[in-house]
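Numbered from 1 within each chain, the chains take letters A, B, ... in sequence-line order. Below, all heavy atoms of this structure are taken into account, side chains as well, without hydrogens, waters or symmetry copies.
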Amino acid sequence: MNYWLMKSEPDVFGIEHLKACKDKTEPWDGIRNYQARNFIRDDMKKGDKVFFYHSNCKTPGIVGIAKVVSKPYPDPTQFDAGSNYFDPKSDPEDPRWVLVDIQHVRDLKRTVSLTEMKARADEFGDFQLLARGNRLSILPVSKDQWDQVLKMEKENPA
DNA sequence: GCCAACGTTGGC
DNA sequence: GCCAACGTTGGC
């Protein structure tokens with residue numbers, strides 16, 4: 001059982017969008033970064049838990065919990081010439097990009113903001129979200145880091 | 001294989 | 001809107 005953090009822009013596809021989907025489930029398409037791809041392809045398992053993170057917005061931070069509800073499978077948008085995610089170099093016999101289906105589990109009671117987490121970076125250890133220049137849209141979270149966020153959720157915001 | 005140019009991410 | 005950081009592309 002692994003833990004992850006997935007970023008999304010609330011203006012494009014936020015946690016409210018995920019909740020509104022059929023079965024609160026949606027294919028997490030459009031990942032076009034090899035490091036993120038490798039996490040999905042090599043390490044993601046059905047049942048893994050996911051922090052839903054809002055980026056590029058007023059208060060960037062973790063807003064909810066989701067879970068992985070499929071195995072990794074080829075991202076259909078890579079073969080769709082009409083899609084923004086179309087990749088003409090991807091071979092249908094050996095697809096370059098994969099995705100998993102993500103299902104909403106619950107909203108956090110409050111947003112655990114990036115600012116708060118940065119202020120308490122020493123309680124997170126080595127956390128890629130807090131690393132300088134971090135741009136990965138999918139990144140691993142340790143059990144301790146997962147629990148730390150949930151602990152902060154229960155506290156009052158700083 | 002190097003590296004400059006370019007595009008994207010994402011916090012602020 | 002700005003800009004730092006980083007990934008990708010393509011010329012050589």
Side-chain angles (χ1 to χ4, degrees), chain A residues 2-21 26-44 48-66 68 72-102 104 107-142 144-146 148-153 155-158:
Chain A
N2 293 313
Y3 299 90
W4 306 96
L5 181 144
M6 290 182 170
K7 297 181 187 172
S8 196
E9 302 186 24
D11 292 343
V12 180
F13 190 90
I15 195 162
E16 300 306 319
H17 296 90
L18 182 62
K19 273 196 282 188
C21 292
E26 186 74 357
W28 203 256
D29 60 16
I31 298 299
R32 296 294 180 268
N33 168 285
Y34 288 105
Q35 243 186 302
R37 190 275 314 264
N38 293 346
F39 284 138
I40 298 173
R41 188 189 60 189
D42 303 335
D43 299 321
M44 274 203 183
D48 283 0
K49 291 185 175 178
V50 176
F51 278 140
F52 198 107
Y53 178 93
H54 279 173
S55 68
N56 244 317
C57 56
K58 197 171 170 221
T59 308
I62 295 167
V63 295
I65 294 173
V68 177
Y73 62 96
D75 182 343
T77 62
Q78 68 196 303
F79 305 121
D80 176 0
S83 167
N84 287 339
Y85 302 127
F86 179 55
D87 181 354
K89 292 184 202 155
S90 183
D91 176 2
E93 297 302 312
D94 184 22
R96 183 178 294 188
W97 307 110
V98 294
L99 54 70
V100 288
D101 293 343
I102 293 297
H104 180 266
D107 291 351
L108 293 195
K109 292 183 194 71
R110 65 182 191 86
T111 300
V112 176
S113 73
L114 179 63
T115 312
E116 281 177 73
M117 290 188 275
K118 275 185 175 170
R120 297 169 64 171
D122 55 327
E123 295 174 61
F124 280 100
D126 191 16
F127 195 10
Q128 288 197 50
L129 183 70
L130 305 179
R132 180 161 157 274
N134 148 65
R135 293 186 351 182
L136 257 187
S137 59
I138 294 180
L139 50 94
V141 176
S142 72
D144 286 348
Q145 288 157 356
W146 181 272
Q148 173 66 19
V149 171
L150 295 183
K151 186 181 130 197
M152 287 169 69
E153 179 198 11
E155 298 169 3
N156 291 322

Check your understanding: Is there a side-chain contact between N38(A) and R41(A), using heavy atoms and a 4.5 Å cut-off?
Key -> yes
Point to revise | Between C1' of dG7(C) and CZ of R132(A), the distance in whole Å | key: 16 Å
Side-chain donor-acceptor distances from residues 8-15 of chain A under 3.5 Å, at least two apart:
unit_1 : atom_1 : unit_2 : atom_2 : d
S8(A)  : OG     : F13(A) : O      : 2.5
E9(A)  : OE2    : N56(A) : ND2    : 3.4

Review point. Among L136(A), I62(A), V149(A), V50(A), which one satisfies side chain to side chain contact (heavy atoms under 4.5 Å, CB included) with L5(A)?
Key: I62(A)
Tabulate below the donor-acceptor pairs under 3.5 Å that side-chain atoms of residues 76-84 of chain A make, not counting sequence neighbours, or state none.
unit_1 : atom_1 : unit_2 : atom_2 : d
T77(A) : OG1    : R32(A) : NH2    : 3.0
T77(A) : OG1    : D75(A) : OD1    : 2.6
T77(A) : OG1    : D75(A) : OD2    : 3.3
Q78(A) : OE1    : S90(A) : OG     : 2.7
Q78(A) : OE1    : R96(A) : N      : 3.3
Q78(A) : OE1    : W97(A) : N      : 3.0
Q78(A) : NE2    : D75(A) : O      : 2.8
Q78(A) : NE2    : W97(A) : O      : 2.8
D80(A) : OD1    : G82(A) : N      : 2.8
S83(A) : OG     : Y85(A) : N      : 2.9

Check your understanding: Separation of Q128(A) atom CD from dC6(C) atom C1', in whole Å?
Key -> 14 Å
Review point. Out of dT8(B), dC12(B), dT8(C), which has the shortest distance to the side chain of L114(A)?
Key: dC12(B)
Check your understanding: Atom CH2 of W97(A) and atom P of dG7(C): how far apart are they, to the nearest Å?
Key -> 13 Å
Review point. Roughly, in whole Å, what's the span from CG in N134(A) to C1' in dC12(B)?
Key: 15 Å
Check your understanding: In chain order, what residues pass the salt bridge (charged side-chain N to carboxylate O under 4.0 Å, His left out) check against D144(A), with sequence neighbours excluded?
Key -> none
Check your understanding: Which residues pass the salt bridge (charged side-chain N to carboxylate O under 4.0 Å, His left out) test with K109(A), sequence neighbours left out?
Key -> E153(A)
Exercise for review: Measure the spacing between NZ of K58(A) and OG1 of T111(A) and express it to the nearest 0.5 Å.
Suggested key: 11.5 Å
**Study point:** Within 6.0 angstrom of D42(A) CG, more than 12 heavy atoms from elsewhere
**Key:** yes
Practice item. Send over the distance from N33(A) CG to dG7(B) P, rounded to a whole Å. Key: 19 Å
Exercise for review: Using a 4.0 Å heavy-atom cut-off across all strands, classify K58(A) as base, sugar-phosphate, or nothing.
Suggested key: nothing
Review point. Parallel under 30°, tilted from 30 to 60°, perpendicular over 60°: which one fits the rings of H54(A) and F52(A)?
Key: perpendicular
Revision key, fill the gap. The side chain to side chain contact (heavy atoms under 4.5 Å, CB included) partner of I138(A) among V100(A), I40(A), D43(A) is I40(A)
Point to revise | Residue R135(A), side-chain atoms from C-beta onward, closest of dC12(B), dT9(C), dT8(B) | key: dT8(B)
Review point. If we fit an axis to the first five pairs and another to the last five of the helix from dG1(B)-dC12(C) to dC12(B)-dG1(C), what angle do they make, to the nearest 10°?
Key: 10°
Practice item. Check whether any side-chain N or O of K7(A) sits under 4.0 Å from OP1 or OP2 of dT9(B), and answer yes or no. Key: no
Review point. Expressed in angstrom and rounded to an integer, what is the separation of R32(A) atom CZ from dT9(B) atom C1'?
Key: 16 Å
Check your understanding: Side chain of Y34(A): nearest nucleotide among dG7(C), dT8(C), dG11(B)?
Key -> dT8(C)
Practice item. Name every residue in residues 50-57 of chain A that has at least one heavy atom under 4.0 Å from any atom of DNA chain B, in order of residue number, or write none if there are no such residues. Key: Y53(A), S55(A), N56(A)
Exercise for review: Write down the distance between CD (E9(A)) and P (dG10(B)), rounded to a whole number of angstrom.
Suggested key: 7 Å
Point to revise | Atom-pair distance (CG on L136(A); C1' on dG11(B)), nearest Å | key: 16 Å
Practice item. Name the closest nucleotide to the P60(A) side chain, picking from dG7(C), dG11(B), dT9(C). Key: dG11(B)
Practice item. May I ask you to evaluate whether K118(A) reaches the phosphate of dC12(B), defined as a side-chain N or O under 4.0 Å from OP1 or OP2? Key: yes
